[in-house]
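Shown next, in structure tokens, is the structure this report addresses.
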Number of protein chains: 2
Amino acid sequence: MTVSDRPPTLADIARDAGVSVSTASRVLAGTGYASPAARGRVTAAADRLGYVPDVAARALARGSGVRLVVLAAGASAAVLDDPYVDRVVGAAARVCAPLGMGVALNWLPSRNPGDLRRLAADRGVGGVVLLNATARVLDAVPTALRGRVVSIGIGSPQVPSVDVDNAGGTEAVVGHLYATGRRRIAMVTGPHWMPCSGRSVTAYRRMMREAGLPARTVSGDFTARRGRVAAREVLTRWPDVDAVVGISDATALGVIDRLRGDGVQVPGDVAVTGFDDIPLAAMTTPALTTATHPVAEIATAAATAALAGGRVGPLTTFPSRLVRRVSA
Amino acid sequence: MTVSDRPPTLADIARDAGVSVSTASRVLAGTGYASPAARGRVTAAADRLGYVPDVAARALARGSGVRLVVLAAGASAAVLDDPYVDRVVGAAARVCAPLGMGVALNWLPSRNPGDLRRLAADRGVGGVVLLNATARVLDAVPTALRGRVVSIGIGSPQVPSVDVDNAGGTEAVVGHLYATGRRRIAMVTGPHWMPCSGRSVTAYRRMMREAGLPARTVSGDFTARRGRVAAREVLTRWPDVDAVVGISDATALGVIDRLRGDGVQVPGDVAVTGFDDIPLAAMTTPALTTATHPVAEIATAAATAALAGGRVGPLTTFPSRLVRRVSA
DNA sequence: TTGTATGCGTTATCAC
DNA sequence: GTGATAACGCATACAA
């Protein structure tokens, strides 16, 4: 076996297999006709020589892209610092690998989604995964990008979306609280303009209404810091509270920290729940009762759909299930 | 301004600017001569038409790659599930974005690093960032990849590396423990075959020796679960222990959890420290005293070096500084 | 079913 | 300084 210094090309394979490049191309690309005999000789030659298709050349010829762009919308580039973004990128990078593609990460200013035009003009973009999109951002998606962009979170008629079932998860959590005897249940929400937060809040309100209980919400922002402040506010406004639903695990952790600091027993006096089931939710004291958020699965689905050309339903939802631990 | 349905190519720009494609290419690629006049007309035409270079075509012509591959070595593909990997990929994706490139994530079986040959034959690979590499893996790096691969962690004569200053961080932590009066200091280590763990352990042993104190180590594996077990072991073997150094924050958190469960006050009876300064280290009770681990900076440096062609010193080290909180 | 020829968008070589 | 022109590696009408 001769090891050349230069990676083998399709021409090398064709020559070695005794066929034309077009035939080799057909069998290796899995498109078009080829006799079993030819097919066999080509594949044999390919893996004997260690052939790896050149993605660049292939993309150039086919007009396809070479990378998936993860676009995190937000007020500032700081949105990229959210660990959640990294998890999405990580999952996307895994679906890209076998395709010879890669993932790029960009910030998209919510106020000025004009950068989308630039993406549309970039032939290297094989797909786009939108994060934290708003209606404004969704409307700014150029026609040229249609079918190649998928949003995680809110969607639109033009942009399919995939997300966790926030409503279902919230129902599971609130239902658990109710089932365990809690009746004065407050919620620390997320920013009102975030859809994922909105769905949870709506589900909470609906359940409370159906149970004939008053809805008590305090606005937060997904952070533990804000959770602490919110806890104090809840205690002040409703001293008789016996449960707090956090919009996220971080929020819940902040709430718990403040509550205990104020001498309130958790879950003795007040039960607290989170949402996301982050790794550390299991390690805190008390361990956090929460609902799952399969970020990797969601991101994988989004990336796959974006690269597949968007032939996907308008909304794909992943279930969230209750994780019962100690805090509630 | 006419908006064509097809993204503009270099030919379009050249025509619009009244020059040849060669000239347009030179000024846009920033290589070669061009008169100020021509340069001006070309750049003007380019951003008037919203020109974006086709990375695939460029890569094909230049022979450069289209993506950066993050390769996480390990016994099983489960290594990819470590949040640390996602952080590296996220940072790498950010450095790739402005270059029109992307990041792919792959698992590299430590036992069988043969997949490296395949990467070497792949023209799409512009660079490789190695994670959790071992000497065996490093030795398997093909010559063809030299200069395009950078390792985060251990390095070799052929493969430059970049990492946090484990020794320095450990010294800072142990020094703090000593300065605050602790004398019976135990350490929960990582797997002995992991270099980053080794450097911390070595630093710990050296400091203990220099202080005339006995080194007391228990092996762990970076996880909280193992930290719990290790805490029990420490307590059993050295009932008089007054401090435990965790190899990681997760480990330390596990240690603390077990200690408190056993009625040991932290930091009253036993001080506990971690390493990494993960986001939640600040939120636990008690808040964790630890040392920083600038993963994003490290990954950014590694990705940049890998894509730049590896002209970088054999070892770049990022400082780790003490973060003093409550647990020690 | 197979092969020939052409195009994909850029860069680089080399005359001018 | 500038402009033709030949690669770069692959896919695909189209002809055979």
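The model shown is predicted, which means the values in this text are computed figures rather than measured ones. Letters A, B, ... mirror the listed sequences (proteins, then strands); counts begin at 1.
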Counting just side-chain N and O atoms, does [X] come under 4.0 Å of either OP1 or OP2 of [N]?
| X | N | answer |
| --- | --- | --- |
| A/T31 | D/dA11 | no |
| A/T9 | D/dG9 | no |
| B/R123 | D/dG9 | yes |
| A/Y51 | D/dC10 | yes |
| B/S25 | C/dT11 | yes |
| A/T23 | C/dG3 | yes |

Nearest whole angstrom, please: distance from the [atom2] of [N] to the [atom1] of [X].
| X | N | atom1 | atom2 | answer |
| --- | --- | --- | --- | --- |
| A/I13 | D/dA11 | CD1 | P | 12 Å |
| A/D12 | D/dC10 | CG | C1' | 13 Å |
| B/L10 | C/dA12 | CG | C1' | 13 Å |
| B/D54 | C/dG7 | CG | P | 18 Å |
| A/L60 | C/dT6 | CG | P | 18 Å |
| A/R62 | C/dT6 | CZ | P | 23 Å |
| B/R15 | D/dG3 | CZ | P | 14 Å |
| B/L28 | C/dA12 | CG | P | 13 Å |

Can a donor-acceptor pair be found, under 3.5 Å and without considering hydrogens, that links the side chain of [X] to the backbone of [Y]?
| X | Y | result |
| --- | --- | --- |
| B/W107 | B/L80 | no |
| A/T316 | A/V162 | no |
| B/R41 | B/A17 | yes |
| B/R67 | A/V103 | no |

Mind checking [X] for me? I need base, sugar-phosphate or nothing, with any heavy atom below 4.0 Å counting as a touch.
| X | answer |
| --- | --- |
| B/A34 | sugar-phosphate |
| A/S22 | base |
| A/A38 | sugar-phosphate |
| B/A29 | sugar-phosphate |
| A/V19 | sugar-phosphate |

I want to confirm an ordering. Mapping A/V21 and B/V52 to their closest nucleotides on DNA chain C, which one lands closer to the 5' end?
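By nearest-heavy-atom nucleotide position, the 5'-most residue is A/V21.
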Donor + acceptor pair across side chains of A/S20, A/T23 (<3.5 Å)
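Yes - a donor-acceptor pair under 3.5 Å links their side chains.
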Do you know the tightest heavy-atom contact between B/R123 and A/P8?
NH1-O, 3.9 Å
Of all heavy-atom pairs linking B/A93 and A/V89, the shortest is CB-CG1, 3.8 Å
Residue set satisfying side chain to side chain contact (heavy atoms under 4.5 Å, CB included) with A/T317, at least two apart, ordered chain then number -> A/D165, A/L315
Please report the C-alpha distance between A/D81 and B/R94 in whole Å, then the side-chain angles of each, then the deciding distance to 0.1 Å, and finally whether the salt bridge (Lys or Arg N to Asp or Glu O under 4.0 Å) criterion is met.
CA-CA 11 Å; A/D81 296 332; B/R94 285 205 236 187; 3.0 Å; yes
Between C/dT2, C/dT11, C/dC8, which nucleotide has the shortest distance from any of its atoms to the side chain of A/A61?
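Looking only at side-chain atoms, A/A61 lies closest to C/dC8.
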Evaluate whether atom CZ of B/R146 has more than 12 neighbouring non-hydrogen atoms of other residues, nucleotides or ligands under 6.0 angstrom away.
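It does: B/R146 CZ has more than 12 such atoms within range.
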Given axes from five pairs at either end, by how many degrees does the helix from C/dT1-D/dA16 to C/dC16-D/dG1 bend, rounded to 10°?
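Result, rounded to 10 degrees: 30°.
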Please list, pair by pair, any protein nitrogen or oxygen found under 3.5 Å from a nitrogen or oxygen in nucleotides 14-16 of chain D.
none

For the pair B/D12 and B/R6, evaluate salt bridge (Lys or Arg N to Asp or Glu O under 4.0 Å) and give the outcome as yes or no after the intermediate values.
CA-CA 11 Å; B/D12 296 324; B/R6 186 180 50 72; 3.7 Å; yes
